[in-house]
Amino acid sequence: MGVAVFSIGILATITGTVYLVRKYGSPKLSYGVQFLVMFTWFLAFSILVILPLDISATVYINCIKVWYCQLPNVTAQNLEGCSPTEDLLIPHLPNICNSFGNCTCEAPYSFVDDSLLRNFWNVVFWSSQALTWVIIPLTEAYFSAGDFSFGQKMKTSLRENAIVYGSALVIFFIVLVYISVKEHLGKDGLKTVIVMTSNTWGLLALICLLGYGIVDYPRSMWLKANPEQHLRYLYFRAATLSAEMEDAEHNEEEVNAEVKNVAGVVKQGDPLRKYVNIVLLRANLDPGAADYEDYRAGGAKETELTRASLAKLHAKVKASKRVLNRCQCQWDDLVQHAVDVQDNIANRHRDDHVFHRSLGGPPKRPHAEWMWRVKIKPGLMYLASFVCVGASIILLWSELSFSKTEPTLSVYALLIDSAADQQNYASLEFLSFITLLYLCLCTYTVIFRIRLFDFFYLVPNRQTDSRSMLFGAMILSRLTPAICLNFIAMAHLDNHVNHITLEQDLYFTQIMGHMDLFNAINTYIPIIMLIIALAAFFSVGSRILTMFGVSRYVPDDPDTEENVAEGKILIRRDIRRRERGEGVAMRNMASTRRRLKNEADDDDGVIDVRGTTTSELSKAERGDDDGGWGSTTKKASRGWSDENDLDFEDFDPSSNNISDGMSFQKGGKKKRDKSGARKTYGRVGAGADDDEALVGRGAGSRRGKPNKSALFDDL
């Protein structure tokens, strides 16, 4: 039974990991990157199901050892197995207990052999160390490099990581020698220092992330439950995202100008031309065009072009396309989200209890959708926010009091100790699972929402590039041992921290170590976490960033009100364009249906004009017959399309003539107006009178055919 529970937990973790990787990872991620991310995230999420099994198994073994050591013959002979540090008899203790009739210790339904747990934690620990400090950093730098061959990319990756990790390794070696000489550590002592030093980084990061997350997570739940406040936040986000998109467009224009300058300098027949052609393809520019020669004469600086400089330019092109594509898809999702919230507000006071959508067709079950979106879902969100507030208070109190053992003040320690005394293993495992789940939610959601400039940003809807996915996996891997050690300390299951007497440590701490390397850290952890939580509650960080001109959502700040008003105008303008685009699509569809009906007698097959989707009718529904609004299909709205992706597999870089390697893609060129100026997205400064001119590109710029080339980050 225990092996079955263990297997079900592993399968559930794998399923959740695959779902998250599919949700966030770009469809152009290489198989190697997908495997690394899935495996690393699996190790990080597996603690939710395996650590509770470890706790229940340890409680059972402790019960048997206490019973075994109280037997008269064992006490008289002073046999091994009664010592807290001796585990020679542990594999045989369950059998010994079953052979005696007076053994009152009951085995948990999920009990597994101790070797299985030991081996699993060994795999988690050493795999996490290898992935965190060696494999993922090298892979991340490899896929971010702009070089054109495997060897050059690996060389760039090694060079970049040698600078960072080489310095860290020197510092670590000096500290290790100092501690080993001062404390006279042996082989086992050195291993303990290495393990705990590795966990210290994760523990310090956990303090910051968890201190912020226990406040931000309940607050975000409350914000989503209140549609008016949620809509204000979406308006604010629209204004900031619009500014980000403008910056991304400007950066792309500058990078494309630099690419054109290089294309004008490096002529056909030059040995570097094959690399220039690859950069042009990445920038969605035609390598076969001959109109790039004027850029050198237009004042471009004379620079020495080498393969290394082209590799840097290639990396800049990849980054600019990735950022612009991400902003476009985020804008599409943001507008759709705002439309949904507006519909929820508009339908709250409808007496007929029928849900009406402002965009798109009517829902299939209007009454059920009205009940869910207007009544049930907000109530559940409010309830969840109250539950999260209570859980955050309990968690913070347990963090502040986990070092106090007489009397025991930690709520989790009291509950787990009560369940262990009653041998209620189901309650013990459920409580451990719920606590670990909330710890992971408060910590991991911060990672999934945090943004480090354009270096790291996890974007849903399959818009996250390989670099961000790998960096996120590395952070999760470093936090995994810290979360477990923190929970074990709060539950008073660590002899080294809580100074309690346990006959046997958890299998996890036997492999991962304890939180006893620096006692001062254990003393100041609760204080630092409390300070960060109070700062997050009063939005101190957001207010400081606002003072320096960084846009942050602070409800009572004047700059926030300006951004909310601007975002409201932007979203309403985009909604009007979508409504007009839907009108164009409906007129095209009706016209095509009438024409198909008139031509039905001449066709070989039967045409069902009432709803059958033919290729021509589908084209009309997208508005492609007359250059209309564009498709709103799922693939287009997510910012990627197979037919518009560049295929480098058939391209021969050794060919100086681009026509010998592959043909330039059919689409993907930027739309320009009659004057040749690049069309921009709707902004407040554009004025309300130019809405008619925006209908042609309208939401199609965001939803129809956004730039796809940013998804080729893994070449």
Is Asp216 salt-bridged to Arg449, cutoff N-O under 4.0 Å? yes
Might you point out which heavy atoms bring [X] and [Y] nearest each other, and give the distance in Å?
X: Leu436; Y: Ile483; value: CD2-CG2, 4.3 Å
X: Ala489; Y: Phe402; value: O-CB, 3.8 Å
X: Gln510; Y: Asp505; value: NE2-O, 3.0 Å
X: Leu206; Y: Ala482; value: CD2-O, 3.5 Å
X: Val389; Y: Pro218; value: CG2-CB, 3.8 Å
X: Leu43; Y: Ser128; value: CD1-OG, 3.8 Å

Would you confirm whether [X], through its side chain, and [Y], through its main-chain N or O, come within 3.5 Å as a donor-acceptor pair?
X: Thr443; Y: Cys440; answer: no
X: Ser418; Y: Leu415; answer: no
X: Arg219; Y: Ala536; answer: yes
X: Gln423; Y: Glu106; answer: yes
X: Asn122; Y: Arg118; answer: yes
X: Asp54; Y: Ile50; answer: no
X: Asn119; Y: Ser115; answer: yes
X: Ser539; Y: Ala535; answer: no
X: Ser392; Y: Ile214; answer: yes
X: Thr509; Y: Leu506; answer: yes

Residue pair [X] / [Y], side-chain heavy-atom distance below 4.5 Å:
X: Asn161; Y: Trp133; result: no
X: Leu203; Y: Leu479; result: no
X: Phe508; Y: Ile47; result: no
X: Phe6; Y: Ser110; result: no
X: Phe430; Y: Pro52; result: no
X: Leu437; Y: Leu441; result: yes

May I ask you to check whether Tyr425 and Tyr109 place their ring centers less than 6.0 Å from one another? no
Ring-ring centroid check Tyr507 Phe120, cutoff 6.0 Å: no
Once rounded to the nearest 0.5 Å, what's the spacing between atom [atom1] of [X] and atom [atom2] of [Y]?
X: Trp126; Y: Ile511; atom1: CH2; atom2: CD1; answer: 9.5 Å
X: Ser466; Y: Leu29; atom1: OG; atom2: CG; answer: 6.0 Å
X: Phe42; Y: Leu476; atom1: CZ; atom2: CG; answer: 14.0 Å
X: Leu534; Y: Leu396; atom1: CG; atom2: CG; answer: 8.0 Å
X: His492; Y: Thr408; atom1: NE2; atom2: OG1; answer: 5.5 Å
X: Ser432; Y: Leu48; atom1: OG; atom2: CG; answer: 11.0 Å

If the test is side-chain hydrogen bond (donor to acceptor under 3.5 Å, both in side chains), which one of Arg467, Arg326, Gln330, Arg322 qualifies with Tyr457? Gln330
Can Glu399 and Asn486 be counted as having a side-chain donor-acceptor contact under 3.5 angstrom? yes
Please lay out, stage by stage, how Asn461 and Tyr24 fare under the test side-chain contact (heavy atoms from CB on, under 4.5 Å). CA-CA 6 Å; Asn461 299 323; Tyr24 284 89; over 6 Å; no
side-chain contact (heavy atoms from CB on, under 4.5 Å) for Ile434 and Tyr438? Distances and angles first, verdict last. CA-CA 6 Å; Ile434 292 298; Tyr438 192 69; 5.7 Å; no
Testing Thr17, Ile10, Leu11, Thr15 one by one against Thr13 for a side-chain contact (heavy atoms from CB on, under 4.5 Å), which residue passes? Thr17
When Met490 is tested against each of Ile394, Leu439, Leu485 for side-chain contact (heavy atoms from CB on, under 4.5 Å), which residue passes? Leu439
Is it true that atom CH2 of Trp397 has more than 12 heavy atoms of other residues, nucleotides or ligands lying nearer than 6.0 Å? no
Enclosure of Arg552 CZ (heavy-atom neighbours >12, cutoff 6.0 Å): no
Qualifying residues under side chain to side chain donor-acceptor pair (under 3.5 Å), relative to Ser477, sequence neighbours excluded: Thr132
Using the side-chain contact (heavy atoms from CB on, under 4.5 Å) rule, take Tyr142 and Leu470 through it: C-alpha gap first, then chi angles, then the decisive distance, then the call. CA-CA 11 Å; Tyr142 173 85; Leu470 290 169; over 6 Å; no
Take Gln463 and Ser26 through the side chain to side chain donor-acceptor pair (under 3.5 Å) test and state the conclusion after the steps. CA-CA 5 Å; Gln463 293 301 317; Ser26 166; over 6 Å; no
Would Phe150 and Lys153 count as a side-chain contact (heavy atoms from CB on, under 4.5 Å) here? Give the steps. CA-CA 5 Å; Phe150 174 81; Lys153 284 188 175 184; 5.9 Å; no
According to the interplanar angle, ranging from 0 to 90°, do the rings of Trp41 and Phe45 count as parallel (below 30°), tilted (30 to 60°) or perpendicular (above 60°)? perpendicular
